[in-house]
Amino acid sequence: MAKGLTSRKENYSQWYNDLVIKADLAENSAVRGCMVIKPYGYAIWEKMQAVLDKMFKDTGHSNAYFPLFIPKSFLSREADHVEGFAKECAVVTHYRLKSSPGGGIEVDETAKLEEELIIRPTSETIIWSTYKNWIQSYRDLPLLINQWANVVRWEMRTRLFLRTAEFLWQEGHTAHATKDEAIEETLKILDIYSGFAENWMAMPVIKGIKTENERFAGAVETYSIEALMQDGKALQSGTSHFLGQNFSKAFDVTFLDNKGKLEHVWASSWGVSTRLMGALIMAHSDDRGLVLPPRLAPIQVVIVPIYKKAEELSVISSEVEIIRQDLIASGISVKYDDRDTYKPGWKFAEYELKGVPVRLAVGSRDIDNRTVEVARRDTLEKKSYPMDGIGETVKALLEEIQVNIFRKAQDFRSRNTVAADSYQEFKDIIESGGGFVLAHWDGTRETEERISQETKATIRCIPLDGEKVPGKCIVTGKPSSQRVLFAKAY
RNA sequence: CGGGGUGUGGCGCAGUUGGCAGCGCGCGUCGUUCGGGACGACGAGGUCGGAAGUUCGAGUCUUCUCACCCCGACCA
């Protein structure tokens, strides 16, 4: 176990907190509920951004930027929307400070804003008020916009990455001529999210529809991807909303169709946030530290020289430079850590804590044998390989690791996904370690709330894929068209 | 907003009936070490969260206050 890292078994939640701090991903800031994302953590986020951004661009979306501030009146235009967010909004009321008599500064009460500004908790309202001017004809559609931004939701309890008062995300906001097209967009993005989660984060997810209870405020239908964390709790990792005409009606966004008829446009919005960082951390990491999927690791390979004297180091370093070039030529990001201020053992532990997928150690023995010691983070196996062709060897290994950690996560999820056919069985599963539980539900809010109150488990989603076998609700015995996915959630 | 807890060098903590602010880690210099978190010697670093009070004397007692953490209700 890594120094100072609580084990998962001992206290999972503490393990997560320790890991975020010790792996140098983020820390708490002077502002309650807000985090400082440190360079190493931010580097991972930047990789995520780059991949997602390309996926959005490849599907025809463009980036833009809308204001941080939203006039208070905008928020109340859509009734459900305002109700959903009102309780967690930060409000700007003044625009000036003045020196206070007792020293320091205070709010200048004479500088009160005529209309207060809300710090965006999400941007539907400001964006739709803008779209009104952008859209007149069916020729202006579809409008496919994304923005990378920060948003603020004044959460009561926060945790680094998983729930912070301010977080970074992307929010896509699209406008379409038809309902079908908007739904198609909503689902297309859901596929992008699940593809990203599985192929890049190596984290299996379940795509589904949210129940009315869990639906985004202002949406007609909310879709999400749900991942299972190692403690048996579910983490909603991305959402895509079909907004119907709710916002176009609230902001009066209309267009003339090709028959000259005036219609309200159809909308979608979708987002993933820095919460993905939390998902990534919890999906794969162990008691030694982070385990990062090679495709998102800022450093894929670290090389550690083993030496006693300076002369030895210079021989090793020149050999390492050849190896490094070989790796770079294979498209691998490499760090050579030749710092003399830390010892090899320390470095080994450090890079394990930080989740670097592959570590190479090169010492005099290797120079003599023309070998490299290769250690993989996921299995902790160490093996010697010939120096020649090391680029290809490592490249293949990185791919193997990517696949292996995905499979591992997938196995974990299958082991922890069970069907329950009675309420008692359901309760037993939830109480003994949790996980995903597939059960029949009668589709009513009352039953959902009862289950949630009695067991703390909620309906994560109604899965889109998989069998649609009818049955009877585990609580009321009323008919159900398919099993839905329950879990305790983050 | 309820319940619990913590504020003392950068970090983690100790500090007894009130009596010279300490320990470990980290940090700096030097030397020996270096294939799984090395060791020795010397050294730097603190108005004890803040304010008021009690006292000859407060990290310690009293009152007020601020901040943060954990557990619940709300949430991506």
Side-chain angles (χ1 to χ4, degrees), chain A residues 1-6 11 13-14 16-18 21-22 27-34 83-89 102 121-122 150-171 193 210 213-217 219 222 224-227 234-241 269-279 288-289 304-310 312-313 316 338-353 359-369 371-375 380 382 384 452-453 456 458 460 489-490:
Chain A
M1 199 207 300
K3 227 185 207 170
L5 183 63
T6 308
N11 184 342
S13 168
Q14 192 61 43
Y16 175 83
N17 294 342
D18 286 357
I21 300 295
K22 293 194 182 290
E27 61 188 33
N28 283 303
S29 71
V31 185
R32 180 228 290 266
C34 296
E83 200 185 320
F85 286 104
K87 286 168 288 182
E88 49 186 36
C89 286
T122 178
N150 57 339
V151 286
V152 169
R153 296 179 189 176
W154 214 260
E155 300 290 351
M156 304 201 179
R157 270 192 69 198
T158 58
R159 290 187 77 190
L160 293 172
F161 291 119
L162 295 173
R163 176 167 298 107
T164 46
E166 180 193 13
F167 57 93
L168 305 183
W169 76 346
Q170 57 70 216
E171 47 180 325
Y193 287 162
K210 287 293 191 184
N213 253 341
E214 304 270 332
R215 191 181 294 155
F216 172 74
T222 288
S224 74
I225 52 169
E226 302 284 332
L235 185 72
Q236 182 180 125
S237 307
T239 50
S240 186
H241 316 290
S269 73
W270 27 274
V272 292
S273 70
T274 35
R275 178 178 248 202
L276 284 180
M277 292 287 294
R288 281 172 175 258
V304 177
I306 314 289
Y307 62 96
K308 290 191 172 76
K309 299 190 181 80
E312 224 179 324
L313 176 62
I316 291 167
D338 63 349
R339 287 178 298 175
D340 192 38
T341 45
Y342 293 96
K343 302 184 56 195
W346 190 92
K347 291 177 187 173
F348 291 175
E350 181 69 8
Y351 291 108
E352 272 165 14
L353 185 59
R359 179 187 75 233
L360 306 185
V362 181
S364 295
R365 230 157 53 205
D366 295 298
I367 302 291
D368 295 341
N369 302 333
T371 57
V372 183
E373 184 192 80
V374 179
L380 299 167
K382 285 194 284 194
S384 267
S452 138
Q453 269 167 21
K456 302 279 175 216
T458 50
R460 300 324 305 148
Y490 271 93

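The basis for the numbers below is simple: all heavy atoms, side chains too, and nothing from hydrogens, waters or symmetry mates. Numbered from 1 within each chain, the chains take letters A, B, ... in sequence-line order.
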Of all the nucleotides listed ([options]), which has the minimum atom distance to the side chain of [X]?
X	options	answer
A/Asn28	B/rA76, B/rG35, B/rC69	B/rC69
A/Ile306	B/rG37, B/rG35, B/rA73	B/rG35
A/Arg365	B/rG35, B/rG37, B/rC1	B/rG35
A/Thr164	B/rG36, B/rG37, B/rA76	B/rA76
A/Ala349	B/rU33, B/rC74, B/rG36	B/rG36

Separation between the [atom1] atoms of [N] and [M], rounded to whole Å:
N	M	atom1	answer
B/rA21	B/rG9	P	16 Å
B/rU8	B/rG24	C1'	15 Å
B/rA51	B/rA14	C1'	26 Å
B/rC70	B/rG26	C1'	26 Å
B/rC61	B/rG46	C1'	23 Å
B/rU62	B/rU55	C1'	12 Å
B/rG50	B/rC68	C1'	14 Å
B/rC34	B/rC42	C1'	23 Å

Under-4.0 Å side-chain N/O to phosphate OP1/OP2 contact, [X] with [N]:
X	N	result
A/Asn17	B/rC69	no
A/Lys343	B/rA38	yes
A/Lys456	B/rA73	yes

Over how many whole Å does the gap from [X] atom [atom1] to [N] atom [atom2] extend?
X	N	atom1	atom2	value
A/Arg159	B/rC68	CZ	P	18 Å
A/Ile21	B/rC68	CD1	P	15 Å
A/Arg153	B/rA76	CZ	P	6 Å

For this session: Return yes if a side-chain donor-acceptor contact under 3.5 Å exists between A/Thr6 and A/Asn11, otherwise no.
Result: no
Problem set entry | Side-chain-base donor-acceptor pair under 3.5 Å for A/Lys382 and B/rG36 | yes
Problem set entry | Distance-only donor-acceptor test (3.5 Å): side chain A/Arg359, base B/rG36 |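 Counting by modelled atom types and ignoring angles, a donor-acceptor contact under 3.5 Å is found here.
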Exercise. Where are the stems of RNA chain B, defined as at least 3 consecutive Watson-Crick or wobble G-U pairs with both distances under 3.5 Å?
Worked result: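 Counting only runs of 3 or more consecutive pairs, the stems involving RNA chain B are B:1-7 with B:66-72, B:10-13 with B:22-25, B:27-32 with B:38-43, B:49-53 with B:61-65.
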Exercise. Between A/Arg359 and A/Phe348, is NZ or CZ placed under 6.0 angstrom from the six-membered ring centre and within 45° of the ring axis?
Worked result: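 Cation-pi check for A/Arg359 and A/Phe348: passes.
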